[in-house]
Amino acid sequence: MDLELLERSLAERDQPSYRAAQVWEWAARGATAYAEMSNLPLDLRRVLEAEVPFSSLALRRSARARDGTEKALFATADRRPVETVLMRYRDGRRSLCLSSQSGCPLTCTFCATGSMRFGRNLSASEILDQALHFRRSAPVNQAVFMGMGEPLMNLDSVLAACERLPDLGIATSHTTISTVGWLPGIERLAGEGPRVRLALSLHAADDALRSELMPVNDRYPLADVLEACRGWRAARRRRVYVEYLMLGGVNDRRGQALALAAVLTPAEAFKVNLIPYNPTGGPFHGSPPKAIDDFRRTLIERGLPATVRLTRGRDIAAACGQLAATEAAAAR
Ligand code: SAH
């Protein structure tokens with residue numbers, strides 16, 4: 001729900017200041033309508049129903065993958081498409097993959113979101129409404145900003161949303177912001193906001209290849225980004241998660257694993273997550289499982305902790321890099 005509109009409406013009706021918190025508490029615990037908010041006067045519930053839409057997002061479509069992963073397509077009030085994914089794990093974790101923008105202004109060559117039109121930054125309420133949608137059907141306990149968009153280009157809204165996620169059951173220590181390496185954002189994140197985890201989408205250990213894959217590298221080159229990550233780690237005393245997409249014949253050779261280990265220093269500041277490539281219709285193909293495993297072993301040999309990401313939701317195009325809703329789908 002649009003929390004600013006809520007506060008304005010309450011203020012116009014001379015409601016006590018604790019009302020907004022009461023409404024939020026109900027919403028964060030999974031209420032589905034104002035009607036449920038039994039500690040609010042009945043006539044106030046009716047006013048809110050008429051004036052403050054329960055969600056700032058309209059659900060347009062949802063899909064469920066064989067592995068239980070769910071994807072929701074929403075439209076904002078101005079009909080921008082937004083996609084969100086819920087992943088269920090056997091150990092009980094329920095992890096939300098949130099979008100920070102409708103579309104993405106960056107043009108990483110392997111990512112489907114980069115090929116759709118960039119819409120705009122999402123508001124904190126639009127980010128929270130993605131989470132509330134899933135919270136209404138069951139508890140959630142983890143969030144990653146790995147949906148559409150670059151969260152550090154919309155840091156004010158992302159941080160405002162992160163402040164409230166604990167009310168839904170998602171601890172700050174279980175919230176991860178993933179970035180292409182948007183340098184000013186990493187620097188800000190070292191000094192302000194809740195103590196979330198930081199993930200860096202690296203994908204190549206040398207500037208030439210990284211710029212080819214991710215044009216943003218021309219603006220913020222590798223060495224500067226890694227230095228900012230070390231600064232973040234010094235301030236926050238947590239290691240940085242490095243995401244490395246495994247592209248067959250592009251960045252998956254042994255020499256490239258050695259180069260990666262050489263730039264990620266000190267090793268204890270980083271942990272590498274190797275990501276199997278999800279097809280997006282581009283020129284790439286994923287590295288074979290053996291190549292991924294060899295790459296992981298090489299990193300570990302060099303003292304760098306490394307794991308392979310479990311792929312989820314591929315059959316409904318809900319996996320990493322596959323979010324690319326069309327404007328048409330959101331407008332319906
Ligand atoms: N803009 C942020 C947040 C999006 S996160 C960022 O780039 O970090 C999305 C994650 O999925 C990133 O690590 C991204 O590199 C990865 N990804 C993008 N396309 C992918 C694909 N086709 N297959 C697997 N992972 C992909």
Side-chain angles (χ1 to χ4, degrees), residues 69 71 82-85 87 95-116 118-119 121-122 127 130 143-155 157-158 161-162 175-186 189 196-204 209-210 212-217 219-220 222 225 228-229 232 240-248 250-252 270-287 289 292 307-325:
T69 299
K71 178 166 84 167
V82 176
E83 285 186 321
T84 311
V85 177
M87 291 156 289
S95 185
L96 286 170
C97 181
L98 302 173
S99 293
S100 54
Q101 301 178 312
S102 173
C104 185
L106 303 175
T107 51
C108 301
T109 49
F110 44 79
C111 179
T113 308
S115 64
M116 68 180 273
F118 173 61
N121 281 342
L122 299 179
I127 294 170
Q130 299 170 53
V144 293
F145 281 87
M146 297 189 188
M148 291 178 166
E150 167 51 39
L152 296 191
M153 294 179 83
N154 184 19
L155 194 51
S157 297
V158 166
C162 288
T175 300
T176 301
I177 295 182
S178 177
T179 178
V180 295
W182 195 259
L183 195 80
I186 298 173
L189 210 51
V196 296
R197 297 188 197 208
L198 177 65
L200 171 68
S201 294
L202 196 65
H203 311 322
L209 178 59
R210 192 163 190 269
E212 225 175 89
L213 298 173
M214 308 172 72
V216 68
N217 188 70
R219 181 158 178 176
Y220 300 123
L222 197 65
V225 170
C229 286
W232 177 88
V240 175
Y241 292 84
V242 170
E243 298 163 273
Y244 192 97
L245 192 53
M246 295 298 291
L247 301 170
V250 174
N251 66 356
D252 63 349
F270 299 96
K271 179 171 189 242
V272 178
N273 206 353
L274 300 175
I275 312 179
Y277 171 69
N278 298 307
T280 58
F284 301 106
H285 61 269
S287 308
I292 299 180
T307 52
V308 179
R309 178 178 289 173
L310 204 61
T311 298
R312 313 283 301 198
R314 240 191 221 176
D315 53 320
I316 54 165
C320 304
Q322 292 187 315
L323 301 185

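None of the values given here were measured: they were computed from a predicted structure. Each ligand, and each atom within it, is numbered from 1 in the order the structure gives. Heavy-atom basis, side chains included; hydrogens, waters and symmetry copies ignored.
- Residue-level proximity to ligand 1 for His203 is carried by the side chain, the only part with a heavy atom below 4.0 angstrom.
- Side-chain contact annotation: Gln101 with Asn154, donor-acceptor N/O pair under 3.5 Å absent.
- Residue contacts with ligand 1 leave out Cys108, since none of its heavy atoms falls under 4.0 Å from the ligand.
- For atom 3 (C) of ligand 1, the choice among Ser99, Ser100, Gly149, Cys97 with the nearest heavy atom turns out to be Gly149.
- For Pro279, the closest heavy-atom approach to ligand 1 does not fall below 4.0 Å.
- Close contacts between ligand 1 and Ser178 involve ligand atoms 2 (C), 3 (C), 5 (S), 6 (C), 8 (O) [criterion: under 4.0 Å to a heavy atom].
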Note to self: Quick one, Arg197 with Tyr241, criterion side-chain contact (heavy atoms from CB on, under 4.5 Å). Give me CA distance, side-chain angles, the key distance, then yes/no.
What the structure shows: CA-CA 8 Å; Arg197 297 188 197 208; Tyr241 292 84; 3.0 Å; yes
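- Ligand 1 has no N or O atom lying under 3.5 Å from any N or O atom of Met146, backbone or side chain.
- Looking at Ile275 against ligand 1, only its side chain comes within 4.0 Å, counting heavy atoms.
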Next item on the list: Start with the C-alpha gap between Thr280 and Cys111, add the side-chain angles, then the distance that decides, and say whether side-chain contact (heavy atoms from CB on, under 4.5 Å) holds.
Entry: CA-CA 7 Å; Thr280 58; Cys111 179; over 6 Å; no
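- Of all protein heavy atoms, the one closest to atom 24 (C) of ligand 1 is Leu245 CD1, 3.2 Å.
- Of all atoms in ligand 1, listed by their number and element, those nearer than 4.0 Å to a heavy atom of Gly147 are 4 (C).
- Taking a cut-off of under 4.0 Å to the non-hydrogen atoms of Tyr277, the atoms of ligand 1 that pass are 21 (C), 22 (N), 23 (N).
- Smallest separation of non-hydrogen atoms from Ala228 and Leu183: CB-CD1, 3.5 Å.
- Distances below 4.0 Å separate heavy atoms of Val180 from the following atoms of ligand 1: 1 (N), 6 (C), 7 (O), 8 (O).
- Protein heavy atom nearest atom 6 (C) of ligand 1, with residue, atom name and distance: Ser201 OG, 3.4 Å.
- The shortest distance between side-chain heavy atoms of Glu83 and Met148 falls below 4.5 Å.
- Among all heavy-atom pairs drawn from Asn278 and Cys320, the shortest one is ND2-O, 3.1 Å.
- Annotation: side-chain hydrogen bond (donor to acceptor under 3.5 Å, both in side chains) contacts involving residues 175-186, sequence neighbours excluded, comprise Glu150-Thr179, Ser178-Glu243.
- Nearest heavy-atom pair across Pro151 and Val158 is O-CG2, 3.6 Å.
- Contacts with ligand 1 closer than 4.0 Å are made by backbone heavy atoms (N, CA, C, O) of Pro276 only, the side chain lying farther away.
- When all heavy atoms are compared, the tightest approach of Ser99 to Val82 is CB-CG1, 4.0 Å.
- In summary, the atoms of ligand 1 found under 4.0 Å from a heavy atom of Thr280, numbered by their order in the structure, are 22 (N).
- Among protein heavy atoms, the minimum distance from atom 11 (O) of ligand 1 is reached at Cys320 CB, 3.4 Å.
- Listed here is the closest heavy atom pair of Tyr244 and Asn251: OH-O, 2.7 Å.
- Nearest heavy atoms, Lys71 versus Ala317: NZ-O, 2.9 Å.
- Summary of contacts: the protein heavy atom closest to atom 19 (N) of ligand 1 is Gly321 CA, 3.1 Å.
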Notebook entry, point to check: Stepwise, does the side-chain contact (heavy atoms from CB on, under 4.5 Å) test hold for Leu209 with Val250?
Noted result: CA-CA 9 Å; Leu209 178 59; Val250 174; 3.9 Å; yes
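- Inter-residue side-chain proximity for Cys108 and Leu213 is flagged as unmet; no heavy-atom pair is nearer than 4.5 Å.
- Counting the atoms of ligand 1 from 1 in the order shown, those under 4.0 Å from a heavy atom of Glu150 are 1 (N), 2 (C).
- At least one heavy atom of Phe145 sits under 4.0 Å from some atom of ligand 1.
- Each of the following atoms of ligand 1 lies closer than 4.0 Å to a heavy atom of Thr179: 6 (C), 8 (O).
- Given atom 22 (N) of ligand 1, the protein heavy atom at minimum distance is Asn278 O, 2.8 Å.
- Under 4.0 Å from ligand 1, the heavy atoms of Glu243 that appear belong solely to its side chain.
- Contacts of Leu106 with ligand 1, taken as heavy-atom pairs under 4.0 Å, are absent altogether.
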